[in-house]
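To start, the structure itself, in C-alpha cells.
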Number of protein chains: 2
Amino acid sequence: MLEIKAAPLLKYIKKYISLTNEEEAFLLSKLNYRKYLKGQYVVQQGDVCKQINFLISGCTKTFFLDDKGQEHIVLFAIEDWWTSDIGSYITQSGSDFNVQCIEDTEVIQFQYDYEEELYKEIPKLERLFRKMLEKALVSSQKRIVGNFSLSAKEQYLQFKKQYPTIEQRVPQYMVASYLGITKEFLSKIKSQLALES
Amino acid sequence: MLEIKAAPLLKYIKKYISLTNEEEAFLLSKLNYRKYLKGQYVVQQGDVCKQINFLISGCTKTFFLDDKGQEHIVLFAIEDWWTSDIGSYITQSGSDFNVQCIEDTEVIQFQYDYEEELYKEIPKLERLFRKMLEKALVSSQKRIVGNFSLSAKEQYLQFKKQYPTIEQRVPQYMVASYLGITKEFLSKIKSQLALES
DNA sequence: AAATGAAGTTAAACTAGTTTAACTTTTACG
DNA sequence: CGTAAAAGTTAAACTAGTTTAACTTCATTT
C-alpha cells in the first residue's frame, strides 16, 4: 500500500541521492500516508508541527492571521512539493502558520520523532534534507527580492510565469493574498492587463 | 595563524556538532582567512559565488540593484554570522546580489571546490550545514511575514528589537533600504516616535 | 579653520494600493 | 431546477509611503 503511494516521493528523492533496497524499505517503514479533505488543516497555528509533508496529490496554502484577523498566504504547495511550518518543526515550538488543503490532498509524512533514527540508519538523508533546504531558502529569498523591487502588477505577472498551474487551481482572492494585495486591487490589475493586450 | 583566527568559527561549529582533533585539523586545512577593507566587495552581482564566509569581525550588507539602479539591502551580517549569495553558491551561477563591507571585515571562507571533499572526510558537516540552512530559512520566512503584515513603523521597531547592535553600526539610509522604505520616510517615522514618547 | 561632501531632516505635491460599499457572476447543493 | 452563498468587479474616497527639492548637520580632508 504505502509502497505504491510513495512512488512519487521515491522518484523525487532519487533526484538527490540513491538508496539501496534495504535503505528504501527502512525509510518506507518510517513514513506514513495520509489523506486530507478540502478545507482540512495539515498544521494549525499554535500547534507544534510534528511532521513534514510531501504532496502526492492536491494543493495546500500556508498562511497566518495578523492582529486584525486578516489572512496572509505565504506559500502554496502542489504535487511534488513539501509543506509544513519548518520553523515550528525544527524548534518543536508552536507554529506561526496554518497549512490548509485547498483541494483533497494526499501526503507522505516524515515524523519528527523518527528523524534522528533515520539519519543514523541512512546518513545520506542529511544530504537530501540539506539540498531541500537549500532550494527552499533560495525561493524564500526570491520572494523577498520580488516584494522589494516589483510593483503589484509586476509581481502578479511574475507569479503567473513562475507558477502557471497554481493560478488555475486557486481562487483569485487567494492569489491576491499571496501577492500581499487586496482582491479588489488584483481585479483592477487584471482588467488593466486585459485592456493593454 | 589560521588556528587563532578561526577560533570563533570553531566555537560556532561546536554548538551544532563535535569534531575530533584530526577532523578539526582537516577542516582548518581547507579553510582560508581573508581580510577586506571597508567598501570592498566580498561578492559582486553577476560573479559566481565560490565561497561562503563566516564573519570574524566587521559588518557587511547584501544588496541588489533594481532596474532603476536603486539599491535594496536584503541582509546585514556581523560577527558570528554567515554571508554569501547562497543561491549563486549552490547552483554555481551568476550572483543576484552584492556583498559589500560596511566596516573593515575579517572572514573565514569555505571554498565550494572543497565542499565535497569535506563532506566525504567529515560527514557530520552535512548536519552542520543542514542546521545552518534551517536557521537561515526560518529567518528568511520571518522577513516575509514582517513585510506582509507590518506597517513601516512596526517593521522598524521590530528591526531595532531584533538587531539592536546593527542600528548603531550602519547609516540610517541603509536601515531604510533594508526596511524597503525611503530614507525620508524613515526620518519621518523616527521624528514621530520621538514625539510619542 | 575652511571647505567639501556625505548623511539626515522637513515639507509639499503626488501615486500605488486600501477601504468601503453596492453590484454581478459563478458555484454548490437541497 | 432554484436559491443561497462564495467569488469577483467597479468606482469613489482615502492613506501610507514616494518624489522632489531645499535646507541642516556631521565628518573628513587639506
Side-chain angles (χ1 to χ4, degrees), chain A residues 37-40 59 61 63 65-73 76 100-104 144 146-160 166-197, chain B residues 37-40 59 61 63 65-73 76 100-104 144 146-160 166-197:
Chain A
L37 297 177
K38 181 174 172 174
Q40 283 191 306
C59 182
K61 62 175 176 179
F63 68 97
L65 299 171
D66 67 20
D67 312 332
K68 292 141 217 148
Q70 267 237 302
E71 176 174 320
H72 298 276
I73 296 177
F76 294 108
Q100 190 181 16
C101 299
I102 300 175
E103 304 171 358
D104 292 356
I144 294 175
N147 280 338
F148 254 122
S149 57
L150 303 179
S151 68
K153 192 194 228 165
E154 290 167 322
Q155 273 186 266
Y156 170 62
L157 291 171
Q158 184 187 270
F159 170 79
K160 276 178 74 129
I166 292 182
E167 200 191 3
Q168 265 100 63
R169 288 167 72 168
V170 310
Q172 191 172 309
Y173 74 91
M174 290 189 195
V175 175
S177 168
Y178 177 86
L179 296 174
I181 60 177
T182 58
K183 60 190 196 318
E184 290 84 359
F185 193 52
L186 178 53
S187 194
K188 197 170 173 182
I189 287 170
K190 287 184 87 168
S191 69
Q192 270 175 28
L193 286 170
L195 285 176
E196 278 172 26
S197 60
Chain B
L37 297 177
K38 180 174 173 174
Q40 283 191 306
C59 182
K61 62 174 176 179
F63 68 97
L65 299 172
D66 67 21
D67 312 332
K68 291 140 218 148
Q70 267 237 303
E71 174 175 322
H72 297 277
I73 295 177
F76 293 109
Q100 189 182 17
C101 299
I102 301 175
E103 304 171 359
D104 291 358
I144 294 175
N147 280 339
F148 254 123
S149 57
L150 302 178
S151 67
K153 191 194 228 166
E154 290 167 322
Q155 273 188 264
Y156 170 61
L157 291 170
Q158 184 186 272
F159 170 79
K160 276 178 74 132
I166 292 182
E167 201 192 1
Q168 265 100 63
R169 287 168 73 169
V170 310
Q172 192 171 309
Y173 75 90
M174 289 190 194
V175 174
S177 169
Y178 177 86
L179 296 174
I181 59 177
T182 57
K183 61 189 194 323
E184 290 84 358
F185 192 52
L186 179 54
S187 195
K188 196 170 173 182
I189 287 171
K190 288 184 88 168
S191 70
Q192 270 175 28
L193 287 169
L195 285 177
E196 278 173 26
S197 59

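Letters go in sequence order (proteins before strands), and every chain restarts at 1.
- Projected onto DNA chain C by closest heavy-atom contact, Met174(B) and Gln70(A) fall at different nucleotides, the more 5' of which corresponds to Met174(B).
- If you measure from atom CZ of Arg169(A) to atom P of dA7(D), you get 17 Å, rounded to the nearest angstrom.
- Look at Thr182(B) and you'll find a side-chain N or O under 4.0 angstrom from OP1 or OP2 of dT18(D).
- Of the candidates dT18(C), dA21(D), dT10(D), the closest approach to any side-chain atom of Ile181(A) belongs to dT18(C).
- To the nearest angstrom, P of dT24(D) lies 20 Å from NZ of Lys190(B).
- The side chain of Tyr173(B) approaches dG8(C) more closely than any other nucleotide in the set dG8(C), dG17(C), dT10(D).
- Regarding Leu195(B), its CG atom lies at a distance of 13 Å from the P atom of dT9(C), rounded to whole Å.
- When distances run from any side-chain atom of Phe185(A) to the nucleotides dG17(C), dT9(D), dA7(D), the shortest one goes to dG17(C).
- Looking at Tyr178(B) and Glu167(B), their side chains never bring a donor and an acceptor atom within 3.5 Å of each other.
- Rounded to whole Å, atom P of dG8(C) lies 15 Å from atom CD1 of Ile189(B).
- With dG8(D), dT9(C), dA21(C) as the choices, the nucleotide that has an atom nearest any side-chain atom of Glu184(A) turns out to be dA21(C).
- For Gln172(A), no side-chain nitrogen or oxygen approaches OP1 or OP2 of dA6(D) to under 4.0 Å.
- Using modelled atom types and a 3.5 Å distance limit, the side chains of Glu71(B) and Tyr173(B) yield no donor-acceptor pair.
- DNA chain D forms stems at C:1-30 with D:1-30, each a run of 3 or more consecutive Watson-Crick or G-U wobble pairs whose two key distances fall under 3.5 Å.
- Atom P of nucleotide dT18(D) and atom CG of Leu186(B) are separated by 10 Å, given to the nearest angstrom.
- Atoms NE2 (His72(A)) and C1' (dT18(C)) sit 13 Å apart, rounded to a whole Å.
- Here the side chain of Lys183(B) is nearest to one of dT10(D), dG8(D), dG8(C), namely dG8(C).
- Regarding Lys38(A), its NZ atom lies at a distance of 10 Å from the C1' atom of dA6(D), rounded to whole Å.
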